[in-house]
2 protein chains.
Amino acid sequence: MKAVSERKQQITSTAERLFNQKGYLATSVRDLAEALGIEAASLYSHVQSKEELLWSIADRCADEFFDAVRPIAESNLHTQQKLTEMIVAHVMVITRNQDASAVFFREWKHLSEPQKSQYAQRQSDYEGIFKAVIRKGMEENLFKNFDEGFSARTILSAINWTHTWYRPDGEWTARQVGEHLSGFLLNGLIRTI
Amino acid sequence: MKAVSERKQQITSTAERLFNQKGYLATSVRDLAEALGIEAASLYSHVQSKEELLWSIADRCADEFFDAVRPIAESNLHTQQKLTEMIVAHVMVITRNQDASAVFFREWKHLSEPQKSQYAQRQSDYEGIFKAVIRKGMEENLFKNFDEGFSARTILSAINWTHTWYRPDGEWTARQVGEHLSGFLLNGLIRTI
DNA sequence: GTCTATAGTTTGATAGAC
DNA sequence: GTCTATCAAACTATAGAC
């Protein structure tokens, strides 16, 4: 755990907001400085480059997803309950890091190597956590025999998109959104009784 | 229907590919010209601006979605079958316009007004087609009473993401992907019998 | 329709005073 | 740590010859 100055924190959260609103490439260092009320050159006392900011946002966001979901995957909850709680935890990470997760999902393409490869590796590892739980559920004859990669991607696609429409001041809490999504994805839209 | 020169067609499809691979802002007019084997200035005999290219890609892609899905929504298929066929049709548009649909989903933010508002309006109209069918299914007591906006967004999120992983040379046809997705989303991951 | 040449901005980043 | 000043490179787009 590295200590981070208050100023650096302020820069990072402003960058998250602007990178989300306008996109990474469309946000100039001058835009960022203006939003902070300083000159562009002053930023370089806190940050090595614009890309370092992108990387630090993406990397911290990945940590948040792993830290929230891995303990649940490693718990001894019943498989169905486990997958539900993983989905809820994932959605809660998104909703409390809405700007950062939007940047995480949309702007990683603009990282340079080797960061881009490292990002892809973590993304794949994360998907692997979901795949393992889904495979377990299939082995237990609890889940249908869809391809496990297909299933994991379909679930993650549906829940990742919450970053575009969730509003903290709306009628649903983050947990409610996660539980609705989990109910929808595990049981389907069709009424069975 | 406007006649489009072969050269213009070639420019558009190259733009789709580059805008997808690198992003709209990261693709310079010089990159595009180089990929076509001409000088940047020569492009302007065919195209008014770089943004005009983005708009024409997004607008044509929207047409494809509407043209494929609306006739099914207006047919008198049984509601469940209708929703399945809409999902299949949507996935097939994505898979046969993979570059264009990726640009459509990811780069619309970089349109200027009034194109950006027009894009948002069509997007919302399109979601409305799905919402209407879902509401019908709820009224028929066939679908569960999820919020219809929530249901439409969840389905569209899951199926839109195919643009990132579908491979035409993989083991599944576009129709098979659509049917799998439809089966997953309508009936859920959990085994019920 | 394609070229060369270039105008006019904007960009990320640095130098050096305070 | 913030400023002013500035650099070198990249950008979209245009002018005008062929």
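Chain naming here is simple, since letters A, B, ... match the order of the sequence lines and numbering starts at 1 in each.
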Pull out every residue in residues 16-27 of chain B that has a heavy atom closer than 4.0 Å to any atom of DNA chain C, ordered by number, or say none.
-> none

A/E140/B/R191 ion pair, N-O < 4.0 Å = no

Interatomic distance where CG belongs to A/L32 and P belongs to C/dT11 [whole Å] | 12 Å

Between B/S157 and A/A158 the two heavy atoms that sit nearest each other are CB-CA, 3.9 Å

Whole angstrom is fine here: how far is it from CD in B/E34 over to P in D/dA10?
-> 13 Å

All N/O contacts under 3.5 Å from nucleotides 2-6 of chain C to the protein, with atom names and distances to one decimal?
{"unit_1": "C/dT2", "atom_1": "OP1", "unit_2": "B/R7", "atom_2": "NE", "d": "3.4"}
{"unit_1": "C/dT2", "atom_1": "OP1", "unit_2": "B/R7", "atom_2": "NH2", "d": "3.2"}
{"unit_1": "C/dT2", "atom_1": "OP2", "unit_2": "B/H46", "atom_2": "NE2", "d": "2.6"}
{"unit_1": "C/dC3", "atom_1": "OP2", "unit_2": "B/E39", "atom_2": "N", "d": "2.6"}
{"unit_1": "C/dC3", "atom_1": "OP2", "unit_2": "B/S42", "atom_2": "OG", "d": "2.6"}

Between C1' of C/dG1 and CD of B/Q10, the distance in whole Å = 13 Å

Examine the side chains of A/N20 and A/E16 and answer whether a donor and an acceptor come within less than 3.5 Å of each other.
-> no

What residue pairs, at least two apart or across chains, pass ring-ring contact (aromatic ring centres under 6.0 Å, His included) with a residue in residues 8-42 of chain A?
-> A/F19-A/Y24

Does atom CD of A/E34 have more than 12 heavy-atom neighbours, drawn from other residues, nucleotides or ligands, at distances under 6.0 Å?
-> no

Give a yes-or-no answer on whether the side chains of A/D59 and A/S56 include a donor-acceptor pair shorter than 3.5 Å.
-> no

What pair of heavy atoms forms the shortest contact from A/H163 to A/Q98, and how long is it?
-> O-NE2, 3.5 Å

Apply salt bridge (charged side-chain N to carboxylate O under 4.0 Å, His left out) to B/D63 and B/R122, showing your working.
-> CA-CA 9 Å; B/D63 285 343; B/R122 296 196 79 184; 2.9 Å; yes

Contacts satisfying ring-ring contact (aromatic ring centres under 6.0 Å, His included) that involve residues 168-193 of chain B (not counting sequence neighbours) are A/F146-B/F184, A/F150-B/W172, A/F150-B/H180, B/W172-B/H180

To the nearest angstrom, the CG-C1' distance between B/L43 and D/dC11 comes to 14 Å

Under a 4.0 Å heavy-atom cut-off, which of residues 110-117 of chain A touch DNA chain D?
-> none

Hey, does the side chain of A/S28 come within less than 4.0 Å of C/dT10's phosphate (OP1/OP2), counting only N and O?
-> no

Test the B/R153-A/W161 pair against the cation-pi criterion, namely NZ or CZ under 6.0 angstrom from the six-membered ring centroid and within 45° of the ring axis.
-> no

Nearest-Å distance for atom pair CD/C1', residues B/E52 and D/dA13 | 13 Å

Residues that A/E107 engages under salt bridge (charged side-chain N to carboxylate O under 4.0 Å, His left out), provided they are two or more places apart = none

Take the protein atom CG of B/D31 and the nucleotide atom P of D/dC11, then report the distance between them rounded to whole Å.
-> 6 Å

